[in-house]
Protein chains: 2
Amino acid sequence: MEDDIVQQVRRMSQLYAYTSIQMHETVARKAGLSGTDHKYLGFLMQKGQMTAGELASLTGLTTGAVTGMIDRFEKKKLVKRKFSEDDRRKVIIEPNTKNIMALFEPLYKEFRTQSEALLAGFSKKEIKVLESYFAKAIEIMQSTTKKLEQP
Amino acid sequence: MEDDIVQQVRRMSQLYAYTSIQMHETVARKAGLSGTDHKYLGFLMQKGQMTAGELASLTGLTTGAVTGMIDRFEKKKLVKRKFSEDDRRKVIIEPNTKNIMALFEPLYKEFRTQSEALLAGFSKKEIKVLESYFAKAIEIMQSTTKKLEQP
DNA sequence: ATTATTATCTTAGTGGCTAAGATACTTATT
DNA sequence: AATAAGTATCTTAGCCACTAAGATAATAAT
């Protein structure tokens, strides 16, 4: 029946998620970071600079934990603290893209080329299928997370 | 160009992985577990019973950490320790499927039905595309992880 | 039998996390 | 302008999971 196929893909997507966590953590350790630090550094890279408070609310960590994380990043020259001009209580965290890239690129390089090769093997139509799946699956996961986070 | 599309899907797959981590951790916290505990409990469920040592090498944790983890699981009645018949040094960890399901099912229920609905919306051909992508992507990630773990 | 190996547990020490409070700056009120 | 309230980050104490190393107990090898 169709159900079996659906179940199988569902299980595969689960394994996919799990495997990516594993890789992510392995890369982190290789780079001398914890899994969470790696994750949140990715945040910073994606969003560009942000304040410590923004990072705290985005990560769900307490401000104290964020302070410690920024300390660790700063010690490794991966970010720089800067006081905001218009509000000097605010601490702007500026990722040092060059250093961060230098740290992770060698670790991800092969993975990246392989992933690109994999995707290049799909037709335009097939890529659209993947795209549509990802978009909707992401939405589902985000709404699930949101609902759970409420009381 | 084609490259742009590939890059975009690659970025989406990254976001997909990240979002699934977030959901996974949120579910874990709701269940009163840490993210890692949730992950490794999933291991146990999938593989059925295994020994403490197998769990240690599979997770990469030290045997001490595994002992602590089993203690936490046991306290919550999620697993049971049993000494192996043929080698009484070995500790077999038996997941209590019923209790584990009871803990997680309510948290995953809606997600599960939504995921199934999403997949049911794809044609057989399209599902094959997803399947093939997942299978190959998983392989790439596993080989990346393996290579990094070696030297 | 004795020795080596294997499987798990125990213990001491480390590090990141939370919660609560301290510090420093900004905004609102009078 | 002076004081109070609010906001952003940092600091500190205490907790908990982790590692590393060694202890304990059972099995395998000579």
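Letters A, B, ... mirror the listed sequences (proteins, then strands); counts begin at 1. Worth knowing before you read on, the calculation uses all heavy atoms, side chains too, and leaves out hydrogens, waters and symmetry mates. The structure displayed is predicted, hence computed values, not measured ones.
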To the nearest Å, how far apart are [X] [atom1] and [N] [atom2]?
X	N	atom1	atom2	answer
A:Phe73	D:dC10	CZ	P	14 Å
A:Phe83	D:dC10	CZ	P	7 Å
A:Glu85	C:dC25	CD	P	14 Å
B:Glu74	C:dT8	CD	P	14 Å
B:Arg29	C:dC17	CZ	P	12 Å
B:Ile92	C:dC9	CD1	P	12 Å
A:Met69	D:dT9	CE	P	12 Å
A:Leu55	C:dC17	CG	P	11 Å

Inset, instruction - Could you check B:Leu41, B:Ile92, B:Asn99, B:Asp71 and say which one makes a side chain to side chain contact (heavy atoms under 4.5 Å, CB included) with B:Val79? - result: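 For B:Val79, the side chain to side chain contact (heavy atoms under 4.5 Å, CB included) test succeeds with only one of B:Leu41, B:Ile92, B:Asn99, B:Asp71, which is B:Leu41.
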
Inset, instruction - Could you tell me whether A:Gly68 contacts a base, only the sugar-phosphate backbone, or nothing, with contacts defined as non-hydrogen atoms closer than 4.0 Å? - result: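 Answer is nothing: A:Gly68 stays at 4.0 Å or more from every strand.
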
Legend entry - Touch class at under 4.0 angstrom, heavy-atom based, for A:Ala52 against every strand present: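 Sugar-phosphate: the residue A:Ala52, judged by heavy atoms under 4.0 Å, touches backbone atoms but no base.
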
Inset, instruction - Nearest-nucleotide wise, let me know which of A:Asp71 and A:Lys90 is further upstream toward the 5' end of DNA chain D. - result: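 On the 5' side of the pair lies A:Lys90.
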
Inset, instruction - Compare side-chain N and O positions of B:Arg72 against OP1 and OP2 of D:dC18 and report whether any pair is under 4.0 Å apart. - result: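 Checking B:Arg72 against D:dC18: at least one side-chain N or O falls below 4.0 Å of OP1 or OP2.
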
Legend entry - side-chain N/O B:Arg81 vs C:dC9 OP1/OP2, d < 4.0 Å: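 Checking C:dC9 against B:Arg81, a side-chain N or O does come within under 4.0 Å of OP1 or OP2.
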
Inset, instruction - Check the surroundings of atom CD in A:Gln46: do more than 12 heavy atoms from other residues, nucleotides or ligands lie under 6.0 Å from it? - result: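 Open: at most 12 neighbouring heavy atoms sit under 6.0 Å from CD of A:Gln46.
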
Legend entry - Over 12 non-hydrogen atoms of neighbours within 6.0 angstrom of NZ in B:Lys90: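 No - once you tally the heavy atoms of other residues, nucleotides and ligands closer than 6.0 Å, there are 12 at most.
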
Inset, instruction - Could you tell me the separation between the NE2 atom of A:His24 and the OG1 atom of A:Thr36, rounded to the nearest 0.5 Å? - result: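 Reported to 0.5 Å precision, the distance equals 10.0 Å.
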
Legend entry - Separation between OG of A:Ser13 and OH of B:Tyr133, rounded to the nearest 0.5 Å: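 Between A:Ser13 OG and B:Tyr133 OH, I get 12.0 Å after rounding to 0.5 Å.
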
Among [options], the nucleotide that comes nearest once only the side chain of [X] is considered:
X	options	value
A:Leu61	D:dT9, D:dC18, C:dC17	C:dC17
A:Thr67	D:dT11, C:dA7, C:dC9	D:dT11
B:Thr51	C:dT18, C:dT8, D:dT19	C:dT8
B:Arg88	C:dT26, D:dT27, D:dT19	D:dT27
A:Ala65	C:dT8, D:dC10, C:dC17	C:dC17

Inset, instruction - Kindly say whether, by distance alone, the side chain of A:Arg89 makes a donor-acceptor pair under 3.5 Å with the base of D:dT7? - result: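 Answer is yes: a donor-acceptor pair is held.
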
Inset, instruction - Tell me which of A:Thr63 and B:Val91 sits closer to the 5' end of DNA chain C, going by the nucleotide each one is nearest to. - result: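 That would be B:Val91.
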
Inset, instruction - Using the closest heavy atom to pick a nucleotide of DNA chain C for each, name whichever of A:Thr62 or A:Asp86 lands nearer the 5' end. - result: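 On the 5' side of the pair lies A:Thr62.
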
Inset, instruction - Please lay out, stage by stage, how B:Tyr18 and B:Gln14 fare under the test side chain to side chain donor-acceptor pair (under 3.5 Å). - result: CA-CA 6 Å; B:Tyr18 167 73; B:Gln14 233 176 315; over 6 Å; no

